[in-house]
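Atom set for the values below is all heavy atoms of this structure, side chains included, hydrogens, waters and symmetry mates excluded.
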Amino acid sequence: MRRGVGRWAAAAVAALLAAGTVTGCGGEERPVREVAAELPTAAPVEEPAEAPADAPSEAPPAVEAIGGKPSPSAKASGKPRPKPSRTSTAPLARPKPPTETRVPPPPPKPAPSGCKPTHRGTKATQSQVKAALADAAARTYWPTSAPDIRVPSALMKATAWQESGWQSTIVACDGGVGLMQVMPATAEWMNQRFEQSYDIDDYRDNAYLGGTYLAWLTKYIGDMYFESDYRLDASLCTAELNSCLLNAVISAYNYGHGAVAREGQPLAIPNPQYVHNVRELMTSCECLGF
């Protein structure tokens, strides 16, 4: 999850994306195998101090087939959030103040040109990667304050393909690790924020880390610009890249939240090519058929 770093997705990606080459991941969780524990965290800003905070809900068993029905997630506690009452889906021209003050670290500097990625660990199979990404997409990441937040399966799969070509062992020159190219500093921050101990080198935990970061970005940007309307729905997007939450979340995964959601300023999309690439992969990636 970093700025301006090359990617090593399979050669098929280049054929899919006539607009340009695959680029790097954004500024962007205790080992989880088939079940991820739900642990309390420090209370989110909108919750009373004594209320339990959000932690990712229990993860369902691996879903072997794309589109298969996952096991039901843990039910959200507390009162459900009221449905959005907005009449417009466009972002606010002047955003609301951030609801969280604890934010991920900024993205690293670009890696030196000519640097080649390395590999470590045992490579996960295609079916293992598919199951891990499906599990991550099926989770409820904000069960208390925003149970309606969901990370679309196509977004998980496309982001992983854009970032790593589904290579679980790859390590970028700037430090990005695994399927979702998670930065170690971001993984450390995410584990502290959600009181988890995900292992960045485990492909399943790496998928959870990437999914958790996408969910965090959804809430952070959704609260500031979209009045807590968390729909990552492509049908809400117009020709303007800064018109919808989906594009903003994709952009922030690559470039960092601070470059997209800026206090007092309109929503920004500083990396249009990356957003175009991931959006294209969400509908035409060969990985969707695995």
Nearest 0.5 Å, what's the CE-CZ distance between M224 and R94?
-> 10.5 Å
Apply salt bridge (Lys or Arg N to Asp or Glu O under 4.0 Å) to K123 and list each qualifying residue two or more places apart in sequence or on a separate chain.
-> none
Side chain of Y141, backbone of A136: donor and acceptor closer than 3.5 Å?
-> yes
Partners passing side-chain contact (heavy atoms from CB on, under 4.5 Å) against P270 (at least two apart in sequence or in another chain) = S251, Y255, A259, V260
Look at the side chain of Q167 and the backbone N and O of S164, then say whether any donor-acceptor pair between them is shorter than 3.5 Å.
-> yes
Do you know which two heavy atoms are closest between G211 and M156, and how far apart they sit?
-> CA-SD, 3.7 Å
Does R262 use its side chain to pair, donor to acceptor, with the backbone of P266 at less than 3.5 Å?
-> yes
Spacing of I221 atom CD1 and Y230 atom OH [to the nearest 0.5 Å] | 12.0 Å
Test applied, side-chain hydrogen bond (donor to acceptor under 3.5 Å, both in side chains); reference residue, E100; option that passes from R193, H257, K219 = R193
Donor-acceptor contact present, side-chain S168 to main-chain A124, <3.5 Å | yes
Tightest non-hydrogen contact, residues A207 and L133, listed as CB-CD2, 4.1 Å
Output the distance between atom CD (Q181) and atom OG1 (T159), rounded to the nearest 0.5 Å.
-> 12.5 Å
Rounded to the nearest 0.5 angstrom, the CD-OG1 distance for Q128 and T122 is 10.0 Å
Derivation and outcome, side-chain contact (heavy atoms from CB on, under 4.5 Å), residues V103 and W216 = CA-CA 10 Å; V103 296; W216 185 89; 4.1 Å; yes
Is the shortest distance from a Lys or Arg side-chain nitrogen in K109 or D174 to a carboxylate oxygen in the other one below 4.0 Å?
-> no
Yes or no on side-chain contact (heavy atoms from CB on, under 4.5 Å) for L232 and V249, after CA distance, side-chain angles and deciding distance?
-> CA-CA 8 Å; L232 296 175; V249 168; 3.9 Å; yes
What one should report as the nearest heavy-atom pair of L245 and R231 is CB-O, 4.0 Å
Heavy-atom side-chain proximity of M183 to P105 below 4.5 angstrom | no
Can the ring centres of F290 and W166 be said to be less than 6.0 Å apart?
-> yes
Going by heavy atoms in the side chains, are E227 and K96 under 4.5 Å from each other?
-> yes
Give a yes or no answer on whether the side chain of S243 reaches the backbone of T238 with a donor-acceptor pair at less than 3.5 Å.
-> yes
Locate the shortest heavy-atom distance separating C173 from A111; write the atom from each residue and the value.
-> CB-CB, 3.5 Å
Residue pair R120, D201: steps toward the salt bridge (Lys or Arg N to Asp or Glu O under 4.0 Å) verdict | CA-CA 9 Å; R120 69 187 185 207; D201 287 308; 2.8 Å; yes
Test item: V177 and N206 side chains (from C-beta on) under 4.5 Å apart, heavy atoms = yes
Closest non-hydrogen atoms of D199 and D205, given as atom of the first, atom of the second and distance, are N-OD2, 2.9 Å
Begin from the C-alpha positions of Y220 and Y225 and carry the test side-chain contact (heavy atoms from CB on, under 4.5 Å) through to its verdict.
-> CA-CA 9 Å; Y220 185 83; Y225 289 90; over 6 Å; no
Measure across T144 and P147 and return the closest heavy-atom pair with its distance rounded to 0.1 Å.
-> O-CD, 3.9 Å
Consider only side-chain heavy atoms of I, L, V, M, F, W and Y, link residues closer than 4.5 Å, and tell whether I250 and L236 are in one cluster.
-> no
Could you grab the distance from atom CD of Q196 to atom CG of N191, nearest 0.5 Å is fine?
-> 7.0 Å
Is there a donor-acceptor pair under 3.5 Å between the side chain of D223 and the backbone N or O of T99?
-> no
Quick one: do R139 and R150 satisfy side-chain contact (heavy atoms from CB on, under 4.5 Å)? Show the steps, please.
-> CA-CA 7 Å; R139 299 187 80 190; R150 289 292 188 275; over 6 Å; no
Examine distances only and state if a side-chain atom of N242 and a backbone atom of A268 form a donor-acceptor pair shorter than 3.5 Å.
-> no
Rounded to the nearest 0.5 Å, what's the gap from CH2 on W161 to CG on L281? Could you check?
-> 9.0 Å
Assert yes or no for the condition that the ring centre distance of W142 to F194 is strictly below 6.0 Å.
-> yes
